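Source: prediction; values computed, not measured. First the proteins, then the strands, lettered A, B, ... as listed; each starts at 1.
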Number of protein chains: 2
Amino acid sequence: MVRAGLTAERVTIAGAELADEVGLDQVTMSQVARRLGVKDASLYTHVRSLEDLRGRIALLAADEKTIRIAEATAGRAGRDALVAFANAWREYAHRHPGRYMATQTPIQIDPELAAKAPGPRRAVELTYGMLRGYGLTEPDLTDAVRLLRSTFHGFVALEAAGGFAHKRSPQHSWVRALDALHTLLEHWPPSREGDSS
Amino acid sequence: MVRAGLTAERVTIAGAELADEVGLDQVTMSQVARRLGVKDASLYTHVRSLEDLRGRIALLAADEKTIRIAEATAGRAGRDALVAFANAWREYAHRHPGRYMATQTPIQIDPELAAKAPGPRRAVELTYGMLRGYGLTEPDLTDAVRLLRSTFHGFVALEAAGGFAHKRSPQHSWVRALDALHTLLEHWPPSREGDSS
DNA sequence: AGGTTATACCTAGGAGTCCTAGGAATGCCA
DNA sequence: TGGCATTCCTAGGACTCCTAGGTATAACCT
């Protein structure tokens with residue numbers, strides 16, 4: 001009898017592959033075990049539960065996505081950086097739909113595990129860095145970061161859910177959205193606080 | 001023996017309530033049946049499968065959300081309409097997290113059933129109507145609609161997933177995002193097609 | 001009212017899933 | 001070579017989805 005040589009990472013990767021191939025909710029302990037040539041009970045040595053596995057897939061995806069974005073934006077600034085950032089985000093979501101969907105999970109991720117994963121924190125830093133060139137200051141900066149992340153995520157999520165009719169290619173709308181966001185960042189509106197107009 | 005008086009609608013509503021209370025993935029045939037005081041097998045008279053039920057919940061949510069938005073935007077125009085539209089969207093997502101999450105489901109909804117649901121189609125019309133005041137023309141109009149929908153959805157999705165750190169209230173960022181979108185719509189950038197700068 | 005029909009709801013059960021408990025095999029290191 | 005930690009197993013309980021086939025009830029029709 002040959003051991004399969006499992007580890008939490010290998011289980012997570014198998015789950016992530018499965019998620020991309022057949023959808024996140026088809027990722028079951030049994031399926032993952034089958035793919036690894038192992039009985040489902042064996043997985044519990046490496047992973048606490050199915051929930052835990054899904055959390056690990058989400059963190060893996062966050063890390064991978066962050067790395068792609070970092071590579072894509074390296075050495076770029078302004079509009080170039082914005083476009084590279086956004087395209088890397090969207091491409092990751094397209095290439096790894098299951099992994100990406102795992103990141104949408106309302107958080108019940110093991111905090112201890114999440115603390116070790118550099119992805120999420122790094123992603124925020126990257127976004128701030130990308131916006132440096134636009135001359136925004138806090139709290140506008142945080143608001144702009146959130147707006148960008150919302151738009152990127154929302155677009156790919158609607159795309160994945162079939163939320164766009166067929167009359168115009170999503171690609172066109174995507175490019176135009178990036179144009180719009182760029183000009184928006186260049187002319188970020190002042191706060192209307194106390195404005196009664 | 002008293003009959004429960006079930007129907008596809010009542011099963012769907014029970015499922016939707018359950019989704020809001022305990023999360024969409026806790027919506028099982030057994031749980032819904034239990035809530036209705038019925039055996040799980042009985043539900044299959046009214047609903048084809050669990051997938052089918054989830055699709056019905058998604059359509060119900062789409063309809064409800066559209067109605068809320070229609071009420072909120074009635075008689076408004078310009079920025080007022082934009083803010084009312086967006087707030088109605090976000091409020092629905094907050095109040096009915098489970099239902100809302102069901103709408104994110106990658107489409108495997110019974111087409112025949114979807115054709116009868118007015119929600120999604122109506123929602124698109126409403127969005128176009130809201131943008132009428134901004135003087136956009138096709139294809140910019142479609143691009144703008146998609147950008148707005150992406151941002152609204154992305155924001156509430158990230159909010160629900162705990163994607164925003166605690167340093168600044170999401171509410172502030174939301175208001176600023178709406179400001180930003182409004183000025184963006186007033187100064188929609190021309191197409192850069194063929195622009196090599 | 002009584003009989004007929006449609007259907008709402010049931011019981012029974014198979015297959016698949018998550019997860020635990022405890023045992024056997026394997027690789028490592030003295 | 002022997003001891004030990006760990007990997008992986010078998011066995012099994014509880015729950016889930018869904019089907020098949022039977023019973024009870026409501027609605028309709030004369």
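- Taking the six-membered ring for Trp and thresholds of 30 and 60 degrees, A:His182 and A:Tyr134 have ring planes more than 60 degrees apart, a perpendicular arrangement.
- A cation-pi contact, defined as under 6.0 Å to the ring centre and within 45° of the axis, links B:Arg146 to A:Phe164.
- A:Ser30 comes within 4.0 angstrom of the backbone, heavy atoms only, and of no base.
- Residue A:Asp25 contributes atom CG, which lies 18 Å from atom P of C:dG16 at whole-angstrom precision.
- A:Ser42 comes within 4.0 angstrom of a nucleotide base, judged by non-hydrogen atoms across all strands.
- Defined by atom type and a distance below 3.5 Å, a donor-acceptor pair is missing between the side-chain atoms of B:Ser49 and B:Tyr44.
- Going from atom CZ of B:Arg10 over to atom P of C:dT7 covers 19 Å, rounded to whole Å.
- Donor-acceptor pairing under 3.5 Å is lacking for the side chains of B:His46 and B:Glu9.
- Note: A:Tyr92 and A:His96 meet the aromatic proximity criterion, with ring centroids under 6.0 Å apart.
- Scanning residues 45-54 of chain A for heavy-atom distances under 4.0 Å to DNA chain D yields A:Thr45, A:His46.
- Between D:dC15 and B:Arg34, no contact under 4.0 Å exists linking OP1 or OP2 to a side-chain N or O.
- In the model, A:Ser150 has no side-chain atom that pairs as donor or acceptor with a side-chain atom of B:Thr151 under 3.5 Å.
- For B:Tyr44, the listed nucleotide lying nearest its side chain is D:dC18; candidates were D:dC18, C:dC18, C:dC9.
- If you take NZ of A:Lys39 and P of C:dC19, they are 18 Å apart, rounded to a whole angstrom.
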Just do the side-chain contact (heavy atoms from CB on, under 4.5 Å) check on A:Arg168 and B:Asp143 with the steps written out, would you?
CA-CA 9 Å; A:Arg168 180 165 163 83; B:Asp143 292 335; 2.8 Å; yes
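- Taking only side-chain nitrogens and oxygens, B:Gln31 comes nearer than 4.0 Å to OP1 or OP2 of D:dT16.
- In summary, B:Glu64 and B:Arg68 do not engage in a salt bridge, as defined by a charged side-chain N under 4.0 Å from a carboxylate O.
- Looking only at atom types and distance, the side chain of B:Arg176 has no donor-acceptor partner in the side chain of B:Gln171 under 3.5 Å away.
- If you check every strand for non-hydrogen atoms under 4.0 Å, B:Gln26 touches nothing.
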Collect all protein-nucleotide pairs involving nucleotides 12-14 of chain C in which both atoms are nitrogen or oxygen and the distance is under 3.5 Å.
none

